[in-house]
Amino acid sequence: METENLYIRTVELPEATIKLRSDSIVYVLFKEGTTLDIPLQMRLLDAYNDICDGRKLPFLFDAMEHVSITKEAKVNAIEIEAVAPVTASAIVARNLAYRLIAEFYLKINKPKTPFKIFKNEEDAVSWLRLFLY
């Protein structure tokens with residue numbers, strides 16, 4: 001499949017790009033230097049609901065360099081999980097630092113929806129396809 005046909009809808013925010021893929025997986029790329037705090041989480045939640053159009057879908061999260069999340073946003077992520085349109089979350093952690101942060105988040109916050117960390121996008125997409133209904 002050609003790259004330009006892979007995405008059928010895009011929502012662009014200053015801090016992130018959210019794309020609905022043609023296979024119904026939502027791809028979220030956090031832009032370089034983004035700090036994920038509660039106000040940004042709430043704007044992202046609105047964008048996720050918009051792009052999903054009332055459906056719950058699997059999400060693939062990726063990040064450029066120097067992306068961080070505040071302590072308050074980590075706690076809030078669990079609180080808003082029930083209203084997020086997410087059936088499963090795959091995190092692509094391309095370097096050790098991001099992998100350690102993601103693993104720590106997973107151990108401490110214990111999301112209620114399936115959540116898994118991957119080293120590459122291909123493996124993440126394969127796993128997320130299990131959550132397409």
Side-chain angles (χ1 to χ4, degrees):
M1 181 179 292
E2 294 180 20
T3 304
E4 57 269 6
N5 295 329
L6 182 62
Y7 303 108
I8 56 175
R9 188 153 179 238
T10 301
V11 174
E12 195 72 47
L13 298 177
E15 304 88 353
T17 301
I18 303 116
K19 296 182 178 187
L20 177 60
R21 295 166 40 118
S22 58
D23 59 4
S24 295
I25 292 172
V26 178
Y27 176 75
V28 180
L29 176 64
F30 291 101
K31 296 178 183 176
E32 188 165 342
T34 294
T35 298
L36 185 56
D37 58 12
I38 292 175
L40 176 55
Q41 271 182 324
M42 301 318 290
R43 286 188 304 143
L44 286 166
L45 182 59
D46 288 341
Y48 298 162
N49 283 318
D50 179 47
I51 207 161
C52 289
D53 198 28
R55 300 176 295 162
K56 286 196 167 243
L57 300 172
F59 274 63
L60 172 61
F61 294 95
D62 200 351
M64 297 173 113
E65 295 295 316
H66 311 294
V67 173
S68 61
I69 182 169
T70 66
K71 183 178 181 180
E72 297 81 11
K74 289 175 188 174
V75 172
N76 191 55
I78 297 303
E79 293 175 9
I80 64 173
E81 188 175 7
V83 296
V86 180
T87 58
S89 297
I91 309 298
V92 177
R94 299 179 195 279
N95 63 48
L96 180 60
Y98 283 160
R99 237 182 330 280
L100 292 173
I101 291 166
E103 288 171 2
F104 180 76
Y105 172 82
L106 185 58
K107 287 178 184 174
I108 299 301
N109 293 305
K110 300 187 186 338
K112 292 170 185 66
T113 58
F115 182 106
K116 196 166 180 183
I117 304 159
F118 296 89
K119 292 181 181 177
N120 63 67
E121 188 174 328
E122 296 77 21
D123 292 343
V125 167
S126 293
W127 181 75
L128 286 172
R129 287 191 174 126
L130 300 172
F131 300 94
L132 291 168
Y133 305 115

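Along the sequence shown, the residues carry numbers beginning at 1. Just so you know, these numbers come straight off a predicted model, no measurement behind them. Computed from heavy atoms alone, side chains included, the values below leave out hydrogens, waters and symmetry copies.
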Got a second to check how far F59's CZ is from I51's CD1, nearest 0.5 Å?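 Reported to 0.5 Å precision, the distance equals 8.0 Å.
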
For the atom pair CD1 (I8) and OG (S24), what is the distance rounded to the nearest 0.5 Å? 6.0 Å

P85 and L57, any side-chain heavy atoms less than 4.5 Å apart: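 Answer no - side chains too far apart.
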
Does the side chain of L44 reach to within under 4.5 Å of the side chain of F30, using non-hydrogen atoms? yes

What heavy-atom pair brings [X] and [Y] nearest, and what distance separates the two atoms?
| X | Y | answer |
| --- | --- | --- |
| A124 | A90 | CB-CB, 3.8 Å |
| V26 | C52 | CG2-SG, 3.9 Å |
| W127 | F115 | CH2-N, 3.8 Å |
| L128 | A88 | CD2-O, 3.9 Å |
| T87 | F131 | OG1-O, 3.5 Å |
| K31 | E12 | NZ-OE2, 2.5 Å |

Residue pairs passing the side-chain hydrogen bond (donor to acceptor under 3.5 Å, both in side chains) test where at least one lies in residues 47-56, sequence neighbours excluded: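 Passing the test, one end in residues 47-56: R9-D50.
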
Could you see if [X] belongs to whatever hydrophobic cluster contains [Y]? Use Ile, Leu, Val, Met, Phe, Trp, Tyr and a side-chain cutoff under 4.5 Å.
| X | Y | result |
| --- | --- | --- |
| L45 | I38 | yes |
| M42 | L36 | no |
| L130 | Y27 | yes |
| L20 | L13 | yes |

Which donor-acceptor pairs under 3.5 Å do the side chains of residues 63-80 make with protein atoms, sequence neighbours left out?
unit_1, atom_1, unit_2, atom_2, d
S68, OG, T35, OG1, 3.4
T70, OG1, A73, N, 3.1
N76, ND2, Q41, OE1, 2.7

Please enumerate all residues that pass side chain to side chain contact (heavy atoms under 4.5 Å, CB included) together with D23, with sequence neighbours excluded.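 In terms of side chain to side chain contact (heavy atoms under 4.5 Å, CB included), with neighbours along the sequence ignored, D23 is linked to R21, I25, V125, R129.
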
Would the distance check show the side chain of E81 and the main-chain N or O of T113 forming a donor-acceptor pair, the cut-off being under 3.5 Å?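 Flag set: sc E81 to bb T113 pair under 3.5 Å.
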
